[in-house]
Amino acid sequence: MFEGFDPVLLARVQFGFTIAFHIIFPAFSIGLASYLAVLEGLWLATGKPVYMDTFKYWVRIFAISFGMGVVSGITMSYQFGTNWSVFSDKTGPILGPMMGYEVLSAFFLEAGFLGIMLFGQKRVGARLHFAATAVVALGTVFSAFWILSVNSWMHTPAGYGINADGQFVPEDWWAIVFNPSFPYRLVHMVLAAYLTTAFVVGAVGAFHLLRDRYNASARLMFSMALWMATIVAPLQIFAGDQHGLNTLEHQPAKVAAMEGHFETNADGPMPLTLFGIPDMDEGRTKYAVEIPYLGSLILAHSLDGEVKGLDAFPREDWPNATVVFWSFRIMVAIGFAMLGIGLWSLFRRVFGSIHESPWLQRAMIAMGPMGFVAVIAGWITTEVGRQPFTVYGLLRTSESVSPIAAEAVGASLLAFIIVYFLLFGAGTFYILRLMSKAPTPFEEETLDHPTRTAGITPAPAFEDRRGAHPAE
């Protein structure tokens, strides 16, 4: 069935398919774990039941998405041995310990306290349970730290030597872990996770507000999510710009592909190409819609700054400009749409009420899944832009693959596609069913606020939880 296919391409498609499924779950888990910690902290500080109602609503969804993230991540590790054994051998002395650190310092931290977070609320006390929730949230960020450090080293390798067997070996672990692109990638990804989660939470809140605009938990979700969009979206755009400048310094060919620039602007300012169709064969972007000077201003911070085009690099080292060009624009467009939603909500807060704006709520529902689309588009921009290398400039993708037949890779790819759509499709369907159910108050007598047992009167709770929420 797969006879005549390129095994390298099939191995790349298989890894791309599995990681595209995987990346959405950690992105959601990182943001949702922090949101749960904030909700429980606010409940402890105020005693207002709406915070605990909302916590209990989302903690079940977190448990399912966390589990699917773990399962989808395990399968990727096997591909390093089956499809990418040469890459594993060459980079193992560096990447192997770093992946081990992720398991020891992050995954064990998450898994160790997850049980307390999910099942220990009535057993360990409110404050200790909050500590467990905070540790789980911290663990998700630690996990992102190590995974992004590994990935960033593949883009901007540093602190290494090469032994007689052609393996990359560590010489300076600080330089390896904190390689030149790592801080930018970490900030960009964590902010993306928070924005992705905010828009999911906000979409769920908006969905239930359209059904019942007095639901206190839905009002809380919607308001907190829009505050996150208002504050974090501009920070993300700034972080993305700084990440782009770092990429221009270390991976200029990727930036040239992102911008659709095939020719270096040696004789004048470079325009910003808004849209067009990059043609790899002809080496130009057809039907380009451009803004004069803006490319040089954004990339070189100068009206006449020189920016290298793809013609400055060997043809065999070009990434696929067509894919990178459009994936980058999808990511940027979604980012600015998120900023627009945040500004719209800020206007409504000042001149009305966000809860009395059904069009804002409908827009939030439409934007609900867009964070995941942006995360995948950003990953495609990053990884396809690194091609044709696995370790940028040092180890080619064609030299990293296992000596395995196309039929074997194709058969496993087909199996992955079938199993993933069945397994994760069912899990996603169940999560959506949970989200479709309206948040309801939990029974207060089942969980005492710690100030009650200490003889202290907590902050007044809502007599009727269908009233306004404290985040407005």
Side-chain angles (χ1 to χ4, degrees), residues 2-23 72-103 146-173 175-177 179 181-182 185 250-251 253-254 313-320 323 379-380 382-417:
F2 294 96
E3 185 177 355
F5 282 78
D6 180 7
V8 178
L9 178 61
L10 289 174
R12 288 179 59 194
V13 170
Q14 182 178 120
F15 196 85
F17 173 80
T18 53
I19 201 172
F21 264 87
H22 170 70
I23 197 171
S72 61
I74 291 174
T75 59
M76 292 193 304
S77 63
Y78 287 104
Q79 294 178 60
F80 288 118
T82 56
N83 297 346
W84 302 99
S85 60
V86 178
F87 168 80
S88 300
D89 175 65
K90 299 292 186 183
T91 63
I94 289 179
L95 301 190
M98 294 173 72
M99 296 295 288
Y101 299 152
E102 189 268 336
V103 173
W146 286 113
I147 296 300
L148 288 168
S149 180
V150 167
N151 181 262
S152 297
W153 185 87
M154 294 163 61
H155 287 265
T156 53
Y160 68 91
I162 299 178
N163 64 16
D165 296 324
Q167 295 176 308
F168 297 96
V169 294
E171 291 185 349
D172 183 348
W173 276 111
I176 290 170
V177 174
N179 56 79
S181 65
F182 168 62
R185 293 178 190 279
H250 297 282
Q251 295 176 299
K254 179 192 291 186
F313 309 95
R315 188 66 178 251
E316 63 271 16
D317 292 345
W318 287 11
N320 189 317
V323 173
W379 173 80
I380 291 173
T382 297
E383 301 306 315
V384 176
R386 186 188 59 202
Q387 297 301 318
F389 300 98
T390 48
V391 180
Y392 191 73
L394 299 172
L395 181 63
R396 288 184 171 273
T397 305
S398 59
E399 300 169 349
S400 304
V401 73
S402 302
I404 187 170
E407 290 84 352
V409 183
S412 59
L413 171 60
L414 187 60
F416 273 122
I417 291 173

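Along the sequence shown, residues carry numbers from 1. These numbers were taken from a predicted model, which means no experiment stands behind them.
From S181, atom OG reaches atom CE of M154 across 11.0 Å, with rounding to the nearest 0.5 Å. Taken to the nearest 0.5 Å, the OG1 atom of T390 stands 10.5 Å off from the NE2 atom of H155. Atom CD1 in I380 sits 11.0 Å away from atom CG in N320 (nearest 0.5 Å). Rounded to the nearest 0.5 Å, atoms CD1 (I23) and CD1 (I147) are 10.5 Å apart. Between S88 atom OG and N83 atom CG the span is 10.0 Å, to the nearest 0.5 Å. With rounding to the nearest 0.5 angstrom, the CG atom of N179 is 9.0 Å from the CG atom of N151.
Put simply, the side chain of S85 never gets that close to the backbone of T82: no donor and acceptor are under 3.5 Å apart. S402 places a side-chain N or O within 3.5 Å of a backbone atom of W84 that can act as its donor or acceptor partner. For Q167 (side chain) and D89 (main-chain N/O), a donor-acceptor pair under 3.5 Å exists by modelled atom type. Judged by distance alone, with hydrogens and angles left aside, the side-chain atoms of T156 form no donor-acceptor pair with the main-chain N or O of W153 at under 3.5 Å.
With contacts defined as side-chain heavy-atom distances shorter than 4.5 Å, the pair D317/R396 qualifies.
Residues V169 and N163 come closest through the heavy atom pair CG1-ND2, 3.6 Å. Scanning both residues, W318 and P388, for their nearest heavy atoms gives O-CD, 4.2 Å. Minimum interatomic distance between W146 and E102 (heavy atoms only, all atoms of both residues): CB-CB, 3.5 Å. Scanning all heavy atoms of the two residues, the minimum distance from T382 to K254 falls at O-NZ, 3.1 Å. Across A158 and A175, no two heavy atoms sit closer than the pair CB-O, 3.7 Å. Minimum heavy-atom separation, Y392 to Q251: CD1-NE2, 3.4 Å.
Aromatic ring centres of F87 and F168: separated by at least 6.0 Å.
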Between R12 and V409, does the side-chain contact (heavy atoms from CB on, under 4.5 Å) criterion hold? Intermediate values first, please. CA-CA 10 Å; R12 288 179 59 194; V409 183; over 6 Å; no
Go through the steps for W173 and M98 under the test side-chain contact (heavy atoms from CB on, under 4.5 Å), then give the verdict. CA-CA 10 Å; W173 276 111; M98 294 173 72; 3.7 Å; yes
Using the side-chain contact (heavy atoms from CB on, under 4.5 Å) rule, take F80 and F15 through it: C-alpha gap first, then chi angles, then the decisive distance, then the call. CA-CA 9 Å; F80 288 118; F15 196 85; 4.0 Å; yes
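Residue V13 forms a side chain to side chain contact (heavy atoms under 4.5 Å, CB included) with just one option from I417, L413, V8, and that option is L413.
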